[in-house]
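Throughout, a chain's letter reflects where its sequence line sits, starting with A, and its residues are numbered from 1.
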2 protein chains.
Amino acid sequence: MTARRHSRQRELIKSFLETRKDHPTADTVYRNVRNQNPRISLGTVYRNLTLLAEEGEIRRLNVGDGVDRFDGDVSPHYHFVCQKCGQVLDLQIEGMEEIDYAASENFHGRIAGHVTYFYGLCGSCADQTEDPS
Amino acid sequence: MTARRHSRQRELIKSFLETRKDHPTADTVYRNVRNQNPRISLGTVYRNLTLLAEEGEIRRLNVGDGVDRFDGDVSPHYHFVCQKCGQVLDLQIEGMEEIDYAASENFHGRIAGHVTYFYGLCGSCADQTEDPS
DNA sequence: ATAATTAATAATAATGATTCCTATTTTTAT
DNA sequence: ATAAAAATAGGAATCATTATTATTAATTAT
């Protein structure tokens, strides 16, 4: 029971996310997906994003700005948030598995994983801000 | 100009936070601080928590559950969120400075820092869940 | 000390993201 | 094709947080 059914809307949402590398918010997904289906509702977008994230088909990101973002790329990687322009970029980092072990050292309990995002200035914002000495 | 003035309410909020190690939400701060000052308003609590966090006197935490938490301890440390009981615990980890360098390796731009929290089962929840084999 | 400033507050309205509700529409199994 | 129930559309509701504004209180000048 509780079998999951196919839906046009969910497929549309998922394939839209796969075309984007910029981690859009639910509202951005909604506004874009309406080009293909003008009658889709915002609630449907939220429900399906949550469903897809729960099933591990997409990732939900929270970079602390009060809005959830979604990532169609579920391969292991990290994120960077530009403090100036606000864009969210992908980041590959080596050897991050170890930090769960490092955290376990002084901790009684079971550490299942971690959430990390980096912040600073992205390439173009850093160039603009460059100290002209 | 724009000199900051002293206020009873801000002092009350800050000293309350210093007594707590459990990273309370704004609403929890509000409900507790009302014992000392029943006329304090929720807006005042929010405004002062934001102000104190901006000045670095307290820390604002976001563990992805849609509510901001506040920490009176501004010394460098990390946080752990129990997936079962929801409590937020402090965590000391060695050698975490390196991860900003590791992240910079494959990144064009300036990395200023990172935000990390760990999740899993806290000590007592892990004990309860223990496999009784 | 007293009066003049103006930051801070209290109380409440407003906002914005997200979730909930329900009658209707789609999927899927028979 | 029909029935059962998952999913949707549209809109109302929720909840954390921010904004507004008249009033109060902390600081500064007199």
Side-chain angles (χ1 to χ4, degrees), chain A residues 1-17 22-55 57-71 81 86 88 117, chain B residues 1-17 22-55 57-71 81 86 88 117:
Chain A
M1 61 198 72
T2 309
R4 180 163 139 189
R5 292 184 180 176
H6 173 264
S7 98
R8 292 290 175 96
Q9 291 86 338
R10 180 157 54 242
E11 188 162 316
L12 192 52
I13 289 164
K14 188 176 179 190
S15 61
F16 168 73
L17 265 187
D22 65 342
H23 320 92
T25 64
D27 192 67
T28 299
V29 173
Y30 172 60
R31 289 202 316 276
N32 281 273
V33 136
R34 278 212 292 188
N35 295 331
Q36 320 301 320
N37 178 350
R39 291 185 52 82
I40 198 170
S41 79
L42 183 56
T44 293
V45 171
Y46 270 103
R47 181 165 25 74
N48 280 297
L49 287 171
T50 297
L51 183 62
L52 291 167
E54 282 171 350
E55 313 237 322
E57 297 184 49
I58 65 175
R59 275 174 70 184
R60 181 192 295 267
L61 310 180
N62 182 308
V63 296
D65 61 352
V67 202
D68 285 354
R69 295 169 180 281
F70 297 88
D71 191 345
V81 189
V88 180
Y117 65 86
Chain B
M1 59 196 75
T2 307
R4 179 164 140 191
R5 292 182 182 176
H6 173 263
S7 96
R8 292 290 175 98
Q9 290 86 340
R10 180 157 53 243
E11 188 163 314
L12 192 52
I13 290 164
K14 187 175 179 190
S15 59
F16 168 72
L17 266 187
D22 65 342
H23 321 92
T25 64
D27 192 67
T28 299
V29 172
Y30 172 60
R31 289 201 316 276
N32 280 275
V33 137
R34 278 211 292 188
N35 295 331
Q36 318 302 320
N37 178 351
R39 292 187 50 81
I40 198 170
S41 81
L42 183 56
T44 294
V45 171
Y46 271 103
R47 182 166 24 74
N48 280 297
L49 287 171
T50 296
L51 184 62
L52 290 168
E54 281 170 350
E55 313 236 323
E57 296 184 50
I58 65 175
R59 275 173 71 184
R60 181 192 297 265
L61 310 181
N62 182 306
V63 296
D65 62 353
V67 202
D68 284 353
R69 294 170 181 279
F70 297 89
D71 191 344
V81 189
V88 180
Y117 64 86

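- Among the nucleotides C:dA11, D:dA26, D:dA9, the one closest to the side chain of B:Arg39 is C:dA11.
- Taking only side-chain nitrogens and oxygens, A:Thr44 comes nearer than 4.0 Å to OP1 or OP2 of D:dA9.
- In terms of phosphate contacts, B:Gln9 brings a side-chain nitrogen or oxygen within less than 4.0 Å of OP1 or OP2 of C:dA10.
- Regarding contacts with the backbone of C:dA8, a side-chain N or O of B:Arg10 is found under 4.0 angstrom from either OP1 or OP2.
- The side chain of A:Tyr46 contributes no N or O atom lying less than 4.0 Å from OP1 or OP2 of C:dT19.
- In this structure, the CG atom of A:Asn37 is 6 Å from the P atom of D:dA9, given to the nearest Å.
- Atom CG of A:Leu42 and atom P of D:dA9 are 11 Å apart (whole Å).
- Distances from the side chain of B:Ser7 to the nucleotides C:dT19, C:dA17, C:dA8 place C:dA8 closest.
- Rounded to the nearest 0.5 angstrom, B:Phe70 CZ and B:Arg60 CZ are separated by 4.0 Å.
- Residue B:Arg4 contributes atom CZ, which lies 8 Å from atom P of C:dA8 at whole-angstrom precision.
- Residue B:Glu54 holds its CD atom at 11.0 Å from CG of B:Leu49, rounded to the nearest 0.5 Å.
- Comparing C:dT18, D:dA26, D:dT17 by their closest approach to the side chain of B:Arg8 singles out D:dA26.
- The interatomic distance linking A:Glu55 (CD) with D:dA6 (C1') rounds to 13 Å, in whole Å.
- Two residues, B:Gly66 and B:His6, neighbour DNA chain D, and the one matched to the more 5' nucleotide by heavy-atom proximity is B:Gly66.
- Between B:Glu57 and B:Arg4 there is a salt bridge, since at least one side-chain N of the basic residue sits less than 4.0 Å from a carboxylate O of the acidic one.
- Using a 4.0 Å heavy-atom distance criterion, B:Asp27 is classed as making no nucleic acid contact.
- Of the candidates C:dT18, C:dT6, D:dA4, D:dA4 carries the atom nearest the A:Arg5 side chain, counting heavy atoms from C-beta on.
- Remark: B:Leu12 CG to B:Lys14 NZ distance equals 13.0 Å, nearest 0.5 Å.
- Between A:Arg69 atom CZ and C:dA17 atom P there is a gap of 11 Å when expressed in whole angstrom units.
- Listed nucleotides: D:dA9, C:dA17, D:dT17. Nearest to the side chain of A:Val67: C:dA17.
- When rounded to the nearest whole Å, the span between CG of B:Asn48 and P of C:dA8 equals 8 Å.
- Between the side chain of A:Arg69 and the main chain of A:His23, a donor-acceptor pair closer than 3.5 Å is present.
- Atom pair A:Phe70:CZ and C:dA17:P shows a separation of 13 Å (rounding to whole Å applied).
- Per the geometry, CZ belonging to B:Arg34 stands 12 Å off C1' belonging to C:dA10, to the nearest Å.
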